[in-house]
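Structure record follows, encoded as structure tokens.
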Amino acid sequence: MWRTNPVRWARKNVGVHVILAPAPDGRVVLRPLDARGRRTGPDTTVARPELAREAQRIEAADRPRWVWRRAADWYPGFLAAGVRLERCHDLTLCGTALEGSAFAATTGYTSAFAARTEVADPAGTLPQLPPAEGQGFLFEDAPDHGPGADDLERELTAQLAAIAGSSQPGRLRLLCAADSAGALVAAEMQAAGIPWDAATHEALLAEQLGPRPRGLERPARLEEKANELRDLLGAPKLNPDSPQELMRALHRAGIEAHTTRAWELREFTHPAIQPLLEYKKLARLLAANGWAWLDAWVRDGRFRPEYVVAGVVTGRWASRGGGALQIPKQVRAAARALPGHKLVVADASQLEPRVLAALARDDAMAAAAEDSDLYARIAAAGFGGDRAKAKVALLGAIYGATTGESGRLLPQLAKLYPRAVGYVEQAARDGERGLTVTTHLGRSSPPPSERWHHLQRSTTAEEQRRADAVARDRGRFTRNFVVQGTAAEWAECWMAELRLRLRRLAARGFRGELVYFLHDEVMVHAEESVAEACADAIRDAAAAARRLLFGQAPVEFPVSIAVVDSYDQAK
DNA sequence: GTCCTGAGCGCG
DNA sequence: AAAGCGCGCTCAGGAC
């Protein structure tokens, strides 16, 4: 309370929350509310051309939490107008998380705007080209109809009540704040884009595939490989892109593969295998990240993917357009800092095992996590120093491996870390029984489908076998869910904290911009002189994320940071 | 012609 | 013969 400035509260229209909603006449309503969602003043209604400036004025005065149906609808318009906002409450993201959360199950809350009620891409037009710079006018994507301020106020009140009435209000409040901050980061990163040097990318393509073909024919080097393959397999008309044709040709050549997957082909000894693997690699590069990709996704030196916050069941982010979360190592050299700038690339080392140690409150594993190389410490503790074994055992425990080396090593791991292994085993058993499981901050797994229940009640032996297999599949899913989902929460908090620190640096004239996020990895594009300050911000943010999620739990989350000119130089 | 699915492979 | 999680994207090829 001592931080509250009484002068602030004396002013009119002051709100801790400000609802932003379309008015029936096409203008936009701004409604101030207090921390508990009660109105603190009259609505303001502004025309859209005035919205950015008015919001900026309120932002500067009050730093409210902006409450909107979806940040993704509104915030890009603000960014296009050069207005950045610090905090928000995304009713759709929060509604989805709260409605599913076991922590809030007894509150009876249901979301008015849950994501699954949305019509995703009704026109079916994806992938869309990203809008060109300066094209379109502000807020053209923002809704001009649908739920108004009253609806949003009702929904906000319901969500705040669900949080307050839940079994873990602190955690759910943080979950909502993290997803909402994530929505802001996502829009900001999309607006910024990854600095992408098309010339470097084209040089990489030319080097590996040959010059860009005029039409749709294969590039020269790829066609050469295809011909080599046709000769070696004695199949002059083979189209190696067709799995069926390829399979027949392989069989005729005496290669009895069951699939045409690279890992299986590697097991055969035949002169055609090596060229085939090379062909597949190059064909993949051409199809996924070739000239067409460059034309479609890189504009004005930036690759601007759309991020979908919590787009994965576990709460991980997904992306739309350009395969932003699958940029192959082959082309990462094209992600290149502008002159006088650096890319500060950071990744959280061994994030999931560390998350498991904290989740399960496993002191022994937490002790291993004091080391920057957790696998090495585990290897020393109980795998005769064999780091590879320790890693396979631990990842197998998190993913649910039952057979192979990983399965064999599990008992040994369980002896060393009974709490950690017990934690994921419990999640697996819950999943097998059809229960939901929940991450640290309260994101719950989806319940099993009706069909799943039906299958579990089956009577014949054959159906029983099938039901058991499906139950085990679900157990592996829920086992992984708690770890992957909590890791995603840590990462989202990491980004939210990093964003605040970068804003503070920017306020002092040191510009560093978050431009990329990949599950446990972030990239900041910064002026050279600011790079080290950004690296410090990244480390501080990681420590802050740990405190937010796990308080004083003695588990370290080290980040490894590379200050580089291009993405391929990191790790 | 359009729509959908599976195979395959990229990422963590 | 890929054991073991989560995705997005492209292509081929079948369904319509």
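First the proteins, then the strands, lettered A, B, ... as listed; each starts at 1. Hydrogens, waters and symmetry mates are skipped; everything else that's a heavy atom, side chains included, is used. Keep in mind that this is a model prediction, so the values were computed, not measured.
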Is DNA chain C part of any stem, that is, at least 3 consecutive Watson-Crick or G-U pairs with both distances under 3.5 Å, and where?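 Result, WC/G-U stems under 3.5 Å: B:1-12 with C:5-16.
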
Modelled atom types, side-chain donor and acceptor of A/Ser444 and A/Thr438, under 3.5 Å: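 The criterion, which ignores hydrogens and geometry beyond distance, is satisfied for A/Thr438 and A/Ser444.
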
Check whether the side chains of A/Asp386 and A/Tyr375 place a donor and an acceptor atom closer than 3.5 Å, and report yes or no.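 Not at all, the side chains of A/Asp386 and A/Tyr375 share no donor-acceptor pair under 3.5 Å.
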
Could you tell me how far apart [X] ([atom1]) and [N] ([atom2]) are, to the nearest whole angstrom?
{"X": "A/Leu394", "N": "C/dC5", "atom1": "CG", "atom2": "P", "value": "16 Å"}
{"X": "A/Phe481", "N": "C/dG6", "atom1": "CZ", "atom2": "C1'", "value": "11 Å"}
{"X": "A/Leu286", "N": "C/dC9", "atom1": "CG", "atom2": "P", "value": "17 Å"}
{"X": "A/Leu409", "N": "C/dG4", "atom1": "CG", "atom2": "P", "value": "14 Å"}
{"X": "A/Glu256", "N": "C/dA1", "atom1": "CD", "atom2": "P", "value": "13 Å"}
{"X": "A/Asn239", "N": "C/dA12", "atom1": "CG", "atom2": "C1'", "value": "9 Å"}
{"X": "A/Leu410", "N": "C/dA3", "atom1": "CG", "atom2": "P", "value": "18 Å"}
{"X": "A/Asp473", "N": "C/dC5", "atom1": "CG", "atom2": "C1'", "value": "11 Å"}

Could you write nucleotides 7-12 of chain B as a row of B, S and -, 5' to 3', where a protein heavy atom under 4.0 Å of any base atom gives B, of only sugar-phosphate atoms gives S, and otherwise -? -BBBSB

Report yes if a side-chain nitrogen or oxygen of A/Ser242 is closer than 4.0 Å to either non-bridging phosphate oxygen (OP1 or OP2) of C/dG13; otherwise report no.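 Checking A/Ser242 against C/dG13: at least one side-chain N or O falls below 4.0 Å of OP1 or OP2.
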
When you measure from the side-chain N and O atoms of A/Thr314 to the phosphate of C/dC7, is any distance below 4.0 Å, counting only OP1 and OP2?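 It does not, given that no N or O in the side chain of A/Thr314 lies less than 4.0 Å from OP1 or OP2 of C/dC7.
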
Go through the steps to decide whether A/Trp293 and A/Trp196 satisfy the test ring-ring contact (aromatic ring centres under 6.0 Å, His included), and finish with yes or no. CA-CA 12 Å; A/Trp293 181 90; A/Trp196 203 271; 5.3 Å; yes

Decide, yes or no, whether a salt bridge links A/Asp568 with A/Lys329 under the criterion of side-chain N to carboxylate O below 4.0 Å.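 Between A/Lys329 and A/Asp568 there is no salt bridge, as every charged N stays at least 4.0 Å from the carboxylate O atoms.
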
Electrostatic pair A/Lys281:A/Glu278 at N-O distance under 4.0 angstrom: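 So A/Lys281 does not pair with A/Glu278 through a salt bridge.
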
Nearest-angstrom distance, P atom, B/dT5 to C/dG4: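 Here B/dT5 and C/dG4 have their P atoms 26 Å from each other.
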
Please list, chain by chain and in numerical order, all residues satisfying salt bridge (Lys or Arg N to Asp or Glu O under 4.0 Å) with A/Arg284, sequence neighbours excluded.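 For A/Arg284 there are no salt bridge (Lys or Arg N to Asp or Glu O under 4.0 Å) partners, ignoring immediate neighbours.
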
Closest listed nucleotide, where the reference is the side chain of A/Asp241 and the choices are C/dG8, C/dA12, C/dG4: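 Output: C/dA12.
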
Check whether any side-chain heavy atom of A/Asn289 lies under 4.5 Å from a side-chain heavy atom of A/Ile327, and answer yes or no.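 When only atoms from C-beta onward are counted, A/Ile327 and A/Asn289 do not touch, as no gap falls below 4.5 Å.
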
Any side-chain heavy atom of A/Val524 sitting closer than 4.5 Å to one from A/Leu502?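 Yes; the side chains approach each other to less than 4.5 Å.
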
Could you tell me whether A/Val483 contacts a base, only the sugar-phosphate backbone, or nothing, with contacts defined as non-hydrogen atoms closer than 4.0 Å?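 A/Val483: no heavy atom of the nucleic acid under 4.0 Å.
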
Answer with base, sugar-phosphate or nothing: what part of the nucleic acid does A/Gly400 contact at a heavy-atom distance below 4.0 Å?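 The residue A/Gly400 makes sugar-phosphate contact but no base contact.
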
Would you please indicate if the ring centroids of A/His440 and A/Phe550 are separated by under 6.0 Å?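 Yes, the ring of A/His440 comes within the 6.0 Å limit of the ring of A/Phe550, centre to centre.
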
Of A/Glu405 and A/Gly311, whose nearest nucleotide on DNA chain C comes first from the 5' end?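 Looking at the nearest nucleotide for each, A/Glu405 comes out on the 5' side.
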
Using heavy atoms to find the nearest nucleotide of DNA chain C for A/Arg476 and A/Glu264 separately, return the residue whose nucleotide is more 5′.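 Going by which nucleotide is closer to the 5' end, it is A/Glu264.
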
Evaluate the side chain to side chain donor-acceptor pair (under 3.5 Å) criterion for residues A/Gln350 and A/Asp373: first the C-alpha distance (whole Å), next the side-chain angles of each, then the deciding distance (0.1 Å), finally the verdict. CA-CA 8 Å; A/Gln350 304 144 352; A/Asp373 187 348; 3.3 Å; yes

